[in-house]
A.B. asks: 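Got a structure for you, written out below as structure tokens; questions coming shortly.
Every chain is numbered from 1 and lettered A, B, ... according to where its sequence line falls, protein lines coming before strand lines. Basis for what follows: all heavy atoms, side chains included, without hydrogens, waters or symmetry-related copies.
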Protein chains: 4
Amino acid sequence: MWMASSPPAPERPALRARYEGRRQEVVAAAAKLFAENGYAATSIADLTTATGLTAGGLYHYIGSKEALLLAICDDLLDPLLAHAREIAASDELSPKGQLRALLRAWLSHIESHRDHMLVFSQERQVIEREPQWRAVRRARKDFEQILDGILRRGEESGAMAFEDRGLTLLALLGMVNYTPQWLRPRGRLSAEQIADRYCDLILRAGAPLGA
Amino acid sequence: MWMASSPPAPERPALRARYEGRRQEVVAAAAKLFAENGYAATSIADLTTATGLTAGGLYHYIGSKEALLLAICDDLLDPLLAHAREIAASDELSPKGQLRALLRAWLSHIESHRDHMLVFSQERQVIEREPQWRAVRRARKDFEQILDGILRRGEESGAMAFEDRGLTLLALLGMVNYTPQWLRPRGRLSAEQIADRYCDLILRAGAPLGA
Amino acid sequence: MWMASSPPAPERPALRARYEGRRQEVVAAAAKLFAENGYAATSIADLTTATGLTAGGLYHYIGSKEALLLAICDDLLDPLLAHAREIAASDELSPKGQLRALLRAWLSHIESHRDHMLVFSQERQVIEREPQWRAVRRARKDFEQILDGILRRGEESGAMAFEDRGLTLLALLGMVNYTPQWLRPRGRLSAEQIADRYCDLILRAGAPLGA
Amino acid sequence: MWMASSPPAPERPALRARYEGRRQEVVAAAAKLFAENGYAATSIADLTTATGLTAGGLYHYIGSKEALLLAICDDLLDPLLAHAREIAASDELSPKGQLRALLRAWLSHIESHRDHMLVFSQERQVIEREPQWRAVRRARKDFEQILDGILRRGEESGAMAFEDRGLTLLALLGMVNYTPQWLRPRGRLSAEQIADRYCDLILRAGAPLGA
DNA sequence: TATGAATGAGCCTTCATTCAT
DNA sequence: CATGAATGAAGGCTCATTCAT
């Protein structure tokens with residue numbers, strides 16, 4: 001079979017709710033272990049220890065180890081992408097306002113999904129290679145294009161200026177994607193503060209120097 | 001065995017040279033495979049295929065799989081760190097000049113050691129955890145402190161200004177470490193150009209806005 | 001538990017009828033799957049998919065996977081054996097008539113129980129080894145003895161002649177048992193035609209050559 | 001990877017000979033176990049017990065469990081098919097002579113490859129389904145066509161007569177394929193005797209009755 | 001009756017590494 | 001120096017079956 005699919009969820013609503021709850025617990029536990037040890041270096045046995053389930057029991061919820069990795073990426077990307085689309089479609093915000101809003105949402109999402117984000121960054125090679133990861137690659141690309149679209153409209157409207165918009169985008173992606181590696185839950189800076197300073201970094205860079 | 005030591009190199013100079021040459025080939029092949037597939041997901045069998053050696057033959061050069069990873073990190077960090085120390089100790093360069101020189105050296109090193117760098121970033125969890133990786137962690141920390149020292153001296157001398165130097169440093173690390181993921185051998189921008197624009201990004205951000 | 005017993009059928013007649021009906025459906029579905037994929041290679045999950053039942057539900061009808069295999073063999077052997085006894089006991093038929101009648105009944109049974117027959121042939125090793133299969137082995141042996149009895153009485157009465165009756169019996173068993181592997185529902189030959197030709201094959205072989 | 005291939009045999013002739021020898025031992029042991037217990041019901045653990053190798057060691061020789069099954073079929077079919085082609089191509093033998101010679105070769109092969117033959121018959125469903133078994137299916141078909149060719153030429157030359165040549169062929173295949181199930185090493189009849197009697201059975205059946 | 005969660009032993013296979021040759 | 005056979009633990013996953021609900 002090509003696609004590692006999850007086992008079917010139960011039909012009755014009460015059971016289904018419990019099933020989904022436990023499934024989420026499993027995904028969260030997996031995100032933590034994958035973030036700490038890496039996907040390939042985490043064994044199913046590690047997961048049973050962390051979840052309290054047995055090997056067989058685990059497979060009621062996950063379908064396969066790879067499907068678990070997929071679920072982690074989906075949990076990370078789907079809500080973020082939805083939020084990003086909303087912001088980029090907003091008529092009430094200027095391009096600068098959109099950029100700031102998107103960075104705040106993004107950093108806040110990273111703060112609440114730190115493990116997911118670490119896994120997503122770390123397992124780049126898995127995501128890149130196999131065909132069953134196309135949807136994830138596409139979601140990542142969509143997000144990057146939304147971000148680039150905001151920068152482009154900012155540039156076109158004269159509200160922003162960049163020496164090289166493409167490189168600026170890559171620099172922004174780099175600094176944000178690196179954030180979960182040093183961000184601590186109750187650290188010195190809140191997600192919002194970090195977002196605002198990244199925003200300034202990008203926007204000031206384009207401002208005429210000493211003008 | 002805990003400490004994975006490399007097998008002793010031969011004594012006679014001619015043999016030794018050939019030995020070292022082959023060893024470098026093995027390390028380079030490993031860097032490529034680890035970058036593409038991940039350290040844990042690359043098997044010794046993959047390495048024998050890529051090098052043309054047999055399993056036993058490989059072990060004449062590497063000591064262990066983990067020692068191979070260590071060699072990749074050493075090949076990456078040792079010359080970079082040496083270069084960074086030189087630049088930071090230079091009397092002829094201002095802090096701004098040092099920053100620019102270091103970024104150029106750094107990006108140029110990344111360009112020529114793309115696989116090594118990808119491995120070094122990707123296998124963060126391996127490097128982080130085990131005691132035998134202390135020297136590598138120390139080298140990384142030394143590099144970051146050299147970089148921070150330049151920023152600090154720039155700030156103190158009034159040549160640079162940052163809202164939050166610590167966050168600026170992290171942003172810089174993020175964008176540079178992300179670079180090997182999109183950098184292509186004959187791409188639009190040279191390593192030097194990229195370095196200069198990263199440099200501008202950091203320095204302009206600190207300039208008073210619209211002043 | 002050693003002896004795999006079926007769960008007790010319900011007491012009330014209406015329920016019992018429905019129970020038996022479903023049970024027959026399950027046995028038929030199992031015969032199909034076992035014939036196509038083999039007994040060991042067919043999982044309970046395959047059976048739930050094929051029947052639309054759930055795992056627990058299935059076990060209301062079958063007792064165990066092995067009991068299912070047993071039921072398939074019983075469904076195959078019991079009516080055939082009964083019919084064979086009738087024919088062999090008939091006073092109205094000559095040995096030749098008995099042989100022809102038995103072959104017709106046999107081939108017709110194979111036609112209507114193709115899956116059962118394929119399973120019965122294929123799972124020879126299961127049937128052969130374990131003690132709980134003694135009744136099935138006995139039924140098979142009884143059938144073969146009935147068949148041999150007809151040949152023997154034919155020989156004794158002078159109506160048939162064989163160079164080696166034992167080998168003729170084995171050849172007959174071989175060709176008939178092989179039939180379900182090529183027999184197609186609406187094929188060129190009917191079960192009756194096949195039976196008659198097998199019959200001729202056996203009887204002519206014993207006729208003196210060119211006499 | 002599509003095809004479960006064997007690991008590469010060593011290059012040096014002496015090693016290669018030993019490798020091939022051990023490999024044959026493994027294949028023979030597997031044929032025995034598969035014949036006794038069925039392919040699916042035989043575990044790799046059973047094979048290690050039977051061969052004295054460890055699980056890992058076994059895989060030096062076999063590639064996969066399925067490749068082992070394939071090797072058994074090849075060992076069975078390749079020499080038999082080669083022999084059959086020789087006989088069918090012979091100018092010195094009449095059709096009747098060819099049939100007799102082929103049956104003798106076939107039964108003799110069955111006698112010396114009893115386990116292989118049992119496996120080949122029993123695992124029909126495995127062979128039938130997957131694409132990687134095409135070569136085996138083709139070999140089986142080739143053999144049957146060679147056999148049918150002899151019967152056809154016999155019929156055309158007037159040396160043989162059949163009511164229905166196709167059915168005769170199927171009957172012959174059935175009785176021969178069934179033979180390994182009852183043939184015992186030092187039984188009452190030799191392979192040659194059995195072959196001759198099967199031959200008579202087929203040839204006499206076509207002879208005009210009582211003429 | 002029927003459900004589906006849960007078990008835990010067992011499946012086939014791959015792994016990094018060693019060592020006699 | 002180099003080979004490749006061998007190890008045995010661990011890998012991810014499936015299995016037939018049970019049982020509280």
A.B. asks: Could you check how far CG of L69(B) sits from P of dA16(E), rounded to whole Å?
C.D. replies: 13 Å

A.B. asks: Does a donor on one side chain sit under 3.5 Å from an acceptor on the other, for Q132(B) and E66(B)?
C.D. replies: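 There is such a pair between these side chains.
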
A.B. asks: Expressed in angstrom and rounded to an integer, what is the separation of L58(B) atom CG from dC15(E) atom C1'?
C.D. replies: 14 Å

A.B. asks: Rounded to whole angstroms, how far apart are NE2 on H60(A) and P on dT3(E)?
C.D. replies: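 It works out to 15 Å between those atoms.
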
A.B. asks: Taking for each residue the nucleotide of DNA chain F bearing the nearest heavy atom, is the 5' side occupied by R22(B) or by Y61(D)?
C.D. replies: R22(B)

A.B. asks: What is the distance, rounded to the nearest whole Å, between atom OH of Y59(B) and atom P of dA16(E)?
C.D. replies: 7 Å

A.B. asks: Identify the two heavy atoms, one from W133(B) and one from I127(B), that lie closest to each other, and give their separation to 0.1 Å.
C.D. replies: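 Heavy-atom minimum between the residues: CB-O, 3.3 Å.
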
A.B. asks: Looking at residues at least two apart in the chain, or sitting in another chain, which of them share a salt bridge (Lys or Arg N to Asp or Glu O under 4.0 Å) with K32(C)?
C.D. replies: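 Checked K32(C) against salt bridge (Lys or Arg N to Asp or Glu O under 4.0 Å); matches are E36(C).
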
A.B. asks: Pairing check on dT21(E): which nucleotide meets the Watson-Crick or G-U wobble criteria with it, both distances under 3.5 Å?
C.D. replies: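 Base partner found: dA2(F).
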
A.B. asks: Can you measure R16(D) atom CZ to dA5(F) atom P for me and round it to whole angstrom units?
C.D. replies: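 Between P of dA5(F) and CZ of R16(D): 11 Å.
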
A.B. asks: Applying a 3.5 Å limit to both distances, which nucleotide forms a Watson-Crick or G-U wobble pair with dT14(E)?
C.D. replies: dA9(F)

A.B. asks: Identify, with sequence neighbours excluded, every residue that meets side chain to side chain contact (heavy atoms under 4.5 Å, CB included) alongside S43(A).
C.D. replies: A45(A), D46(A)

A.B. asks: When you measure from every atom of DNA chain E, which of residues 34-53 of chain B have a heavy atom less than 4.0 Å away?
C.D. replies: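 Only T42(B), S43(B), I44(B) qualify.
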
A.B. asks: Rounded to the nearest angstrom, tell me the gap between atom NZ in K65(D) and atom P in dT14(E).
C.D. replies: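 One finds 14 Å between P of dT14(E) and NZ of K65(D), rounded.
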
A.B. asks: Roughly, in whole Å, what's the span from OH in Y19(D) to C1' in dG4(F)?
C.D. replies: 10 Å

